[in-house]
Number of protein chains: 2
Amino acid sequence: MIKLILVDDHPLFREGISARLSMHQGIDIISEAENGRQLLEQLTTCSPDIVMMDINMPDINGMDALEMVKEKYPSIKVIMLSMHDDKEYILNVIRAGAEGYLLKDISGEEMISAIIKVYEGSKCFSNEIAEILAQDTNQKNDVLTTREQLVLRLISHGYNNKKIAVELDISVRTVETHKRNIKQKLMINTTSGLVRYAIEHRLDK
Amino acid sequence: MIKLILVDDHPLFREGISARLSMHQGIDIISEAENGRQLLEQLTTCSPDIVMMDINMPDINGMDALEMVKEKYPSIKVIMLSMHDDKEYILNVIRAGAEGYLLKDISGEEMISAIIKVYEGSKCFSNEIAEILAQDTNQKNDVLTTREQLVLRLISHGYNNKKIAVELDISVRTVETHKRNIKQKLMINTTSGLVRYAIEHRLDK
DNA sequence: GTCTATCTACGGGTTATTACTTAGAAAATG
DNA sequence: CATTTTCTAAGTAATAACCCGTAGATAGAC
């Protein structure tokens, strides 16, 4: 029997997943949680084999919860769920050590076989995700250096050059240089365009 | 027997809702669709009492589909579903003539009673929504004039003043004036901030 | 040790944006 | 018909952003 905890802030999703997994005898949902905080509380008294968790949740979100679970309970396998087939997310999830990453619109069979695979020690990522990873790993986003990403984030929050300079404690001229390089790398030539890019590619958080 | 069509691009949501509504004998899900296009096709051969539809969907989204359904089949009641408790959405949905607007995280009982209410001719909006509407209906967004919204949209697409002027065939000085007024009304003082605002409040489409 | 990437920063000049004011024409509202 | 709103536009001056190159310091890779 595979013991599983389900974490999602939407009851509807939890019900939907429950309905699916109940079709399979070998999987037992021993508990449910609405967010990362609840999950961590439950883990003090409860030992699941697998945690299946949404990425987007209030309070403590899925990414943070993933990192905390992996730190405190490295033997618990974690499968992340997401609406978004987004490269940035996926890379972070993989780096954080999740055993699986599934898009929410997969079929029940796929979900069950993923859980079993992960339980048996493999990793499992949605087909779409393999494709996404294959696409442009060395493209666009990775070209931005840490500092550039930081500057871009501040830009996306509506900071002007001077504020960014103050915030990062560097010269306005340096901010200008970073900004110029970012624009060149992303082939975007207005600040507004950068804001849009940052938000769309989730580089603003 | 209330005949209902369920429209959502995520099978999981449809399953979750089905599971809930199956508890009630008086509701019959006669069909499901993944997006607005499929819904419209189905409506040529199928006559539901109520369409229950997600707002965010690929291809033809919920808002557009709502308008089309209301135009072609005004007798069909429509309940919109959304993850977001977003004022802009709600106002648009109400203006477009939907009979209901529910947040996806309501309970099964609430959902059933909403369907029955709507079937009987009332309108039904989530409690949260009434609160949201009560909040600041006369605030922020409604103060932007048509022209200002247009300018804001172009700003959010990365246009600079000159390009906007060319696009709208007005003087750069006029664009400056509009922009200044927008900033004042929204109490935002950078262009980047405007882009963010526009995207977050969905004024960029 | 050399090479490369990254972060830092400036000079000099050009262009864009902003701040503050004012104001006419047209349309909608009363 | 009077009033208000909206869209239009400009003067003037200050400020910010952008474009071009250049370059030192530091850390990591080969």
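These numbers come from the heavy atoms of this one structure, side chains and all, not from hydrogens, waters or symmetry mates.
Of the candidates dT8(D), dT8(C), dC10(C), the closest approach to any side-chain atom of Arg147(B) belongs to dT8(D). Closest contact between the side chain of His178(B) and the listed nucleotides dA9(D), dC7(D), dC18(D) involves dC7(D). With distances taken from any side-chain atom of Lys179(A) to the nucleotides dA17(D), dT21(C), dT18(C), the minimum falls on dA17(D). Here the nucleotide nearest the side chain of Arg173(B), chosen from dT17(C), dT12(D), dC18(D), is dT12(D). Of the candidates dC19(D), dA9(D), dA16(C), dC19(D) carries the atom nearest the Arg180(A) side chain, counting heavy atoms from C-beta on.
Lys162(B) has its NZ atom 15 Å from the P atom of dC18(D), to the nearest Å. Lys163(A) has its NZ atom 16 Å from the C1' atom of dA17(D), to the nearest Å. When the C1' atom of dT21(C) is taken as reference, atom CG of Asn181(B) falls 13 Å away, rounded to whole Å. Separating the CG atom of Leu168(B) from the P atom of dT8(D) is a distance of 7 Å, rounded to the nearest angstrom. Atom CD of Gln149(A) is separated from atom C1' of dA5(C) by 15 Å (rounded to the nearest Å). Between Ile164(A) atom CD1 and dA16(D) atom P the separation is 13 Å, expressed in whole Å. What separates OH of Tyr159(A) from P of dA16(D) is a distance of 17 Å, to the nearest Å. For Leu194(B) and dT17(C), the CG to P distance is 13 Å, given to the nearest whole Å.
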Report task. Take Lys117(A) and Glu110(A) through the salt bridge (charged side-chain N to carboxylate O under 4.0 Å, His left out) test and state the conclusion after the steps. Result -> CA-CA 10 Å; Lys117(A) 265 193 196 170; Glu110(A) 284 181 286; over 6 Å; no

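For dC7(D), one of the phosphate oxygens OP1 or OP2 lies less than 4.0 angstrom from a side-chain nitrogen or oxygen of Thr145(B). At the phosphate of dA16(C), neither OP1 nor OP2 sits under 4.0 Å from any side-chain N or O atom of Asn161(B). In this structure, Thr174(B) does not reach the dT8(D) phosphate: none of its side-chain N or O atoms is under 4.0 Å from OP1 or OP2. When the side-chain nitrogen and oxygen atoms of Thr177(B) are compared with OP1 and OP2 of dA10(D), none of them lie within a distance under 4.0 Å.
Residue-level contact check: Thr146(B) touches the backbone only, with heavy atoms under 4.0 Å from sugar-phosphate atoms and none from bases. Counting non-hydrogen atoms under 4.0 angstrom, Asn160(B) reaches the backbone sugars and phosphates but no base.
Closest-nucleotide positions on DNA chain D for Ile170(B) and Glu176(B) were compared, and the one nearer the 5' end corresponds to Ile170(B).
The two atoms that bring Lys183(B) and Asn189(B) nearest to each other are NZ-O, 4.0 Å, heavy atoms only. The two residues Ile30(A) and Cys46(A) make their nearest non-hydrogen contact at CD1-SG, 3.6 Å.
Looking only at distances, no side-chain donor or acceptor of Arg196(A) sits under 3.5 Å from a matching main-chain atom of Val195(B). Looking only at distances, a side-chain donor or acceptor of Thr190(A) sits under 3.5 Å from a matching main-chain atom of Gly158(B).
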